[in-house]
Amino acid sequence: MSKKSHSIALAFIILLVSVAVAKVPVDASDRLEQAKSNIVSLVNGGNYTQAQAQIQKLLAGFPKNQALPQALYEIAERYRWSDKSDKYECAKGLYQQIIQNYPDSSIVSKANLGIAKVKVLSLIVARDFNMAKEALEELVANFSSHPDLPEELYWIGRGFGYWDGYEEEKSTYQQIIQNYPDSPFAVKAKLGVSRAAVQSLIVSQDYDGAEKAFAKLVADFKDHPDLHDTIYWIADRYARSGKYEKANILYQWIIQNYPDNSSAVDRAKLGLSMANIQSLIMSGGYDSAEEAIDRLIVDFAGHPDVANVVRNIGLSYYAKARLMNLEGDANGEKLFYRKAIEVWERLIFEFPDSEVVPNAYFSSAVCYAQELGEYQKGIDYFQKIINNWPDFEDAQQAQLLIVEYRIKMENSKNEK
């Protein structure tokens, strides 16, 4: 081989080695990103046991990867959005992993703030608003200069509002407006204050006041990019208060004023369908309600919220059953418990991958066992939850109820 050929071959080998060496961190980063994405998907789907197992593999497989703290933080944030107290503990554990194992990471300050915020959020979910406000005051004092504080305050405010703590929600937004006026979240907070004021008036049944406050909100924030979302949640509050006509007007308003926003329009149409069905159930239009449920399931088959809407329709039948109970109509009461179960069972079989399926099993089991005295059917459904969703928030309660209803079933047999 000539010197020239030898040099060319050597250069080619060096190039191959360089490419191979350079590719190792890229592949590792890709694998880490893929592993993180898989875990996030599991958390989103409610597969928490699998997610925890994959987190352990992630920690073992990438212990020295510089991107690991960020990946752990993103997973923790996903748990944080679950609105379940035990999942806040999962988020807290991941934040602590970052603080303890990667003290020099730039993510540590975010993780410290994360621990403080999930403490507040878990108290909100528990409806302990007084303790939540104390924890929030501590958070603000400890992280007053943190660049993410305005954003976190905003989402804590939304958390209060989600659980109908509208006064606490408004107070949280006011902190952003007063202390961080230049933050983009100050603009969101101003709209949030107006939204919470309207919703609070709806809850207090001051509907005239709510209408006036709503008209002012629309006038003040007519160009705000979040206006359609705000109106959706006000409509939802009207629907949950049984004011279906008011809700429908607002859903229609979104459809008419945001024709190019397909996401907003689809959500408003789904809300409109749900409110119409709930109105039919409460007013006695049962046949029409069942036809409307059929149409809703077909029309919104691919919508991410449809399973939860079906679940809520079942709850409307359950509420109707409770009204029958108060009126002393035992036959009507049983009829509507069965209608509630029929809706939840449709959810179970037509949306098997939905994260609300275990809720449907649990609600159906309660109706079967507690309300209808069909203990074995209830026990079977409780057992389904324990077998298939051991991380479900009411799985432990399901286990206790199995014991309770087995005893009742045996006592019932002995009495015969």
Side-chain angles (χ1 to χ4, degrees), residues 154-155 157-158 160-164 166 169-170 173 184-283 285 288-289 291-293 295-313 315-316:
Y154 177 77
W155 291 113
R158 289 299 298 262
F160 275 122
Y162 184 82
W163 295 100
D164 295 345
Y166 298 118
E169 181 182 17
K170 287 188 286 185
Y173 293 147
F185 286 92
V187 179
K188 287 178 172 287
K190 289 176 182 177
L191 176 57
V193 169
S194 294
R195 180 189 62 246
V198 176
Q199 291 173 307
S200 179
L201 289 165
I202 294 169
V203 170
S204 64
Q205 299 183 10
D206 182 357
Y207 300 118
D208 289 339
E211 282 194 25
K212 291 174 184 176
F214 176 77
K216 186 175 188 307
L217 181 154
V218 173
D220 291 346
F221 298 97
K222 62 181 183 299
D223 297 321
H224 197 290
D226 294 341
L227 182 59
H228 63 82
D229 183 69
T230 289
I231 293 175
Y232 174 86
W233 287 111
I234 292 173
D236 176 78
R237 183 64 266 184
Y238 270 122
R240 287 190 288 132
S241 298
K243 293 295 179 179
Y244 302 113
E245 289 184 10
K246 296 281 190 184
N248 287 348
I249 289 170
L250 297 188
Y251 290 133
Q252 290 284 11
W253 193 94
I254 296 169
I255 294 166
Q256 292 168 7
N257 287 277
Y258 295 90
D260 298 327
N261 188 328
S262 60
S263 176
V265 168
D266 287 348
R267 185 166 67 156
K269 286 181 177 178
L270 181 57
L272 185 64
S273 294
M274 179 175 70
N276 284 332
I277 292 167
Q278 290 172 320
S279 178
L280 288 167
I281 291 169
M282 302 310 289
S283 64
S288 297
E291 291 173 6
I293 293 169
R295 287 197 303 273
L296 181 146
I297 290 174
V298 171
D299 292 346
F300 298 95
H303 196 286
D305 296 333
V306 67
N308 197 49
V309 165
V310 173
R311 174 175 173 254
N312 288 337
I313 291 169
L315 290 172
S316 295

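The two atoms that bring P259 and V265 nearest to each other are CA-CG2, 4.1 Å, heavy atoms only. Looking at every heavy atom in both residues, A235 comes nearest to A247 through O-CB, 3.3 Å. Across W253 and I231, no two heavy atoms sit closer than the pair CZ3-CD1, 3.0 Å. A210 and I202 get closest at one heavy-atom pair: CB-CG1, 3.9 Å. Residues M282 and S316 come closest through the heavy atom pair SD-O, 4.0 Å.
The residues D220 and K216 are annotated as salt-bridged, a charged nitrogen and a carboxylate oxygen being separated by less than 4.0 angstrom. A salt bridge links D226 with K188; the closest basic N to acidic carboxylate O contact falls under 4.0 Å. Checked for salt-bridge contact, R237 and D164 meet the test: a charged N lies under 4.0 Å from a carboxylate O.
Remark: side-chain polar atoms of S279 are not paired, donor with acceptor, to backbone N or O of A275 under 3.5 angstrom. D236 places no side-chain N or O within 3.5 Å of a backbone atom of Y232 that could act as its donor or acceptor partner. Using a distance-only test at 3.5 Å, with no hydrogens or angles considered, no donor-acceptor pair links the side chain of S288 to the main chain of G285. In terms of modelled atom types and a separation under 3.5 Å, the side chain of S273 and the main chain of K269 share a donor-acceptor contact. Q199 contributes a side-chain N or O that, together with a main-chain N or O of W233, makes up a donor-acceptor pair within less than 3.5 Å.
A cation-pi contact links K243 to Y207, judged by a cut-off of 6.0 Å to the six-membered ring centre and 45° from its axis.
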Task: Derivation of the side chain to side chain contact (heavy atoms under 4.5 Å, CB included) call for T230 and H224 - done: CA-CA 10 Å; T230 289; H224 197 290; over 6 Å; no

Task: Pair N261-I254, side chain to side chain contact (heavy atoms under 4.5 Å, CB included): steps then yes or no - done: CA-CA 9 Å; N261 188 328; I254 296 169; over 6 Å; no

TODO: Would you sort out whether L201 and F214 count as a side chain to side chain contact (heavy atoms under 4.5 Å, CB included), showing the intermediate values?
DONE: CA-CA 10 Å; L201 289 165; F214 176 77; over 6 Å; no

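If you take CG on N248 and OH on Y238, they are separated by 12.5 Å, rounding to the nearest 0.5 Å. The structure places CG of N276 at 11.0 Å from CD1 of I281, a figure rounded to the nearest 0.5 Å. The CZ atom of R311 lies 13.0 Å from the CG atom of D305; values are rounded to the nearest 0.5 Å. Atom CZ in R267 sits 12.0 Å away from atom CD1 in I255 (nearest 0.5 Å).
At least one side-chain heavy atom of Q278 sits under 4.5 Å from a side-chain heavy atom of Y244.
The aromatic rings of Y154 and F185 sit tilted, their planes meeting at an angle between 30° and 60°.
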